[in-house]
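Written out below as structure tokens is the structure these notes cover.
Convention: sequence-line order gives letters A, B, ...; per-chain numbering from 1. Because the structure is predicted, anything quoted here is derived from the model rather than measured.
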2 protein chains.
Amino acid sequence: MTHGAAGRSPVMADVARIAGVSHQTVSRVLNHHPNVRPATRDRVLAAIEELGYRRNLSARALVTRRTNTLGVVAFDTTLYGPASTLFGLEQAARDAGYFISIVSLKTINRKTVGEALDYLAAQAVDGLIAIAPQVEAAAAVSALQGNVPVVAVEGGEADGMPVVAVDQVHGAELATRHLLDLGHRTVWHVAGPVDWLEAEGRKRGWRATLEAAGVEIPPVVEGDWSPRSGYEAGLRIADDARSGRASAIFVSNDQMALGLLRALHEAGVRVPQDVSIVGFDDIPEAEFLTPPLTTVRQDFAEVGRKSIALLLDLIETGPRPETERIVVSPVLVARASTAPPAST
Amino acid sequence: MTHGAAGRSPVMADVARIAGVSHQTVSRVLNHHPNVRPATRDRVLAAIEELGYRRNLSARALVTRRTNTLGVVAFDTTLYGPASTLFGLEQAARDAGYFISIVSLKTINRKTVGEALDYLAAQAVDGLIAIAPQVEAAAAVSALQGNVPVVAVEGGEADGMPVVAVDQVHGAELATRHLLDLGHRTVWHVAGPVDWLEAEGRKRGWRATLEAAGVEIPPVVEGDWSPRSGYEAGLRIADDARSGRASAIFVSNDQMALGLLRALHEAGVRVPQDVSIVGFDDIPEAEFLTPPLTTVRQDFAEVGRKSIALLLDLIETGPRPETERIVVSPVLVARASTAPPAST
DNA sequence: CAGTGTGCTGTGAACGTTAACAAACCCGCC
DNA sequence: GGCGGGTTTGTTAACGTTCACAGCACACTG
């Protein structure tokens, strides 16, 4: 296994010596340069194998000015959505032969995002992905980006950077339509935090669908994604639910829906007999709540793949004239938390 | 802002020229070498500021043979536990001035782990953290590790590598004791997959506590962490629960507990009146289940910090004579899913 | 048979940093 | 005023790779 030379791990020159070629030929073999005679290539490969040689990426990066690393700025990666997106990104990047460097932030503002970008810039990443679900975050990233290509995931449309996102508006339409189609007179909405783009999109889709159907639009109840805020929303809606004024609720994510189910249960409101509920995300738990939750599923892996593909393309071919926006469609998953309204 | 020279980003020599010193002095300032006159340092720093200079880490790594990068091998990072651990690791590493490179695997076996280590070795990481909750994974990592320091998180004790882990056995004792102290005659157990070390530890703690109390030990019901498997376990236990033979259940994680709650609900078994339930993890949803779940909370951030600290120490000072094992204690969080048994 | 292209290989010089050594400087002291 | 000791600075040589260029052999063309 180990050959001659002591301790020090082998370098190209060692391989070259053993294979009886120049170091440059070794480099060519490694980089799949076409003009190498098969016999030579085989000898080189054998030498590489024999020595257990690995090329030194630092030296390579030094001369090529490419680190083969992509930076990711993420936010609250313990939430199901961001965690899944991150997972998808990592897989896609690895498949494409890129390394990935992640910064996850607890709070998002111009300062923390700036520090994150600094940190990634220090690594000389070849490109940047910003999981920027908040208005503020997207703005901070677009304000601070240097000259490395950036792709936003779930970012807003305004800021002139390419975006890959799930079509939140359409997802919300699916949810709202589903409830209207079941016969509900109107649909209430528990929204996510106002500064989140996804929350915003879902609210828009919900409102648009109600308007298109020409039905009354109930007041929006605000939450912050947490089960607790869903619980509190549930307490607030419970009276309307009992009186039959609220018979269908579209909740902006599953965690809040879970809290809301809890609140309704405590208030003695039955789901789906008295009230129908639709969530968003399809977290693994959704299927096993009481009752199993109808929800909207997002394909995070697909978002990851599309983001990496777009970013690599940007790195390869330079910036585009017009800003791109790639959209992934969500699907409705119908379960037991929705039903036709009680006969009034 | 930009100074003279075109496009090309500034290098040490540029800074040196502006500050009127040699590039070596610039290097010294950057590396906080003590022997630099304050006046000189200030001039250098001013020049760095003026040019917006950043040092090239590839060049640095090339000569120092340190990449300042730690590798992490993780598994199913969309689960709450691993995601939280990863988050903790990332924060701790960044605070310590290290970069982090992550590989998350879908399936764990010698092959996939080998590829992951290859991938990280290609980056010449200075150290390795293996989030190795499975017997198989821990074995694969320890078998394949090269000469870079490794720390296992949640790893087994056998394989001669340093480990940082939550004390699963103690956590299970807390859960089981809690139920016995409430007056339950014995405690049933829904276990995690047999090849997971955490599942194993929790089962051991449960059994030991029952034995110490001298009570009958019910058969173990097996799950796979998923809500679905908890649901199925619930269906299997439901009869024993109705008949009063099973009045207390310790479930090996919260997701399964959630599924189990669902099954018991369907079977008309009331929690906690008929059956008390304790979970493990304290996922954000736990507090808002029906009923709010009593569970055991793990401090993942602390695990992350301790792991990084241990790994950096290993990198700094070389391997230890005896293998270390650092343990973090979990705490019981009592909520509404546990109560004294119904008067029999 | 000379001329010319093309496939393959080698040579030397970057890339931008740190390490090792050497030189200059300053200070106090005899 | 010269001399030792420490501090501060500069010079030169790595580190391991890729790039640009040159050279050689060989086949093909006219």
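A straight line from CG of A:N35 to P of D:dA25 spans 18 Å, rounded to a whole angstrom. The distance from atom CZ of A:R37 to atom P of C:dG7 is 14 Å, rounded to the nearest whole Å. Distance, A:R60 CZ to C:dT17 C1': 20 Å, rounded to whole Å. Computed from coordinates, the A:Q24 CD to C:dA14 P distance equals 16 Å when rounded to whole Å. Rounded to whole angstrom, the span from the CG atom of B:L57 across to the P atom of D:dC15 amounts to 21 Å. Rounded to a whole Å, the NE2 atom of B:H33 is 10 Å from the P atom of D:dT7. Computed from coordinates, the A:L62 CG to D:dT17 C1' distance equals 8 Å when rounded to whole Å.
Side-chain atoms of A:N56 and B:R65 form no donor-acceptor pair, as typed in the model, at a separation below 3.5 Å.
For the pair B:R65 and B:H23, both in contact range of DNA chain D, the more 5′-proximal nearest nucleotide belongs to B:H23. Residues B:V21 and B:V63 both approach DNA chain D. Their nearest nucleotides, taken by heavy-atom distance, put B:V21 toward the 5′ side. Residue whose closest nucleotide on DNA chain C sits further toward the 5' end, between B:V11 and A:R41: A:R41.
Side chain B:R28 to base D:dG10: a donor-acceptor pair is found below 3.5 Å.
Phosphate proximity of C:dT18 to B:R55: present, with a side-chain N or O under 4.0 Å from OP1 or OP2.
Classification of the A:Y80-A:F300 ring pair by plane angle, with boundaries at 30° and 60°, yields perpendicular.
The terminal axes of the helix from C:dC1-D:dG30 to C:dC30-D:dG1, fitted over 5 pairs per end, subtend an angle of 50° to the nearest 10°.
Atoms OH and CG, on A:Y53 and A:L30 in that order, are 5.5 Å from each other to the nearest 0.5 Å.
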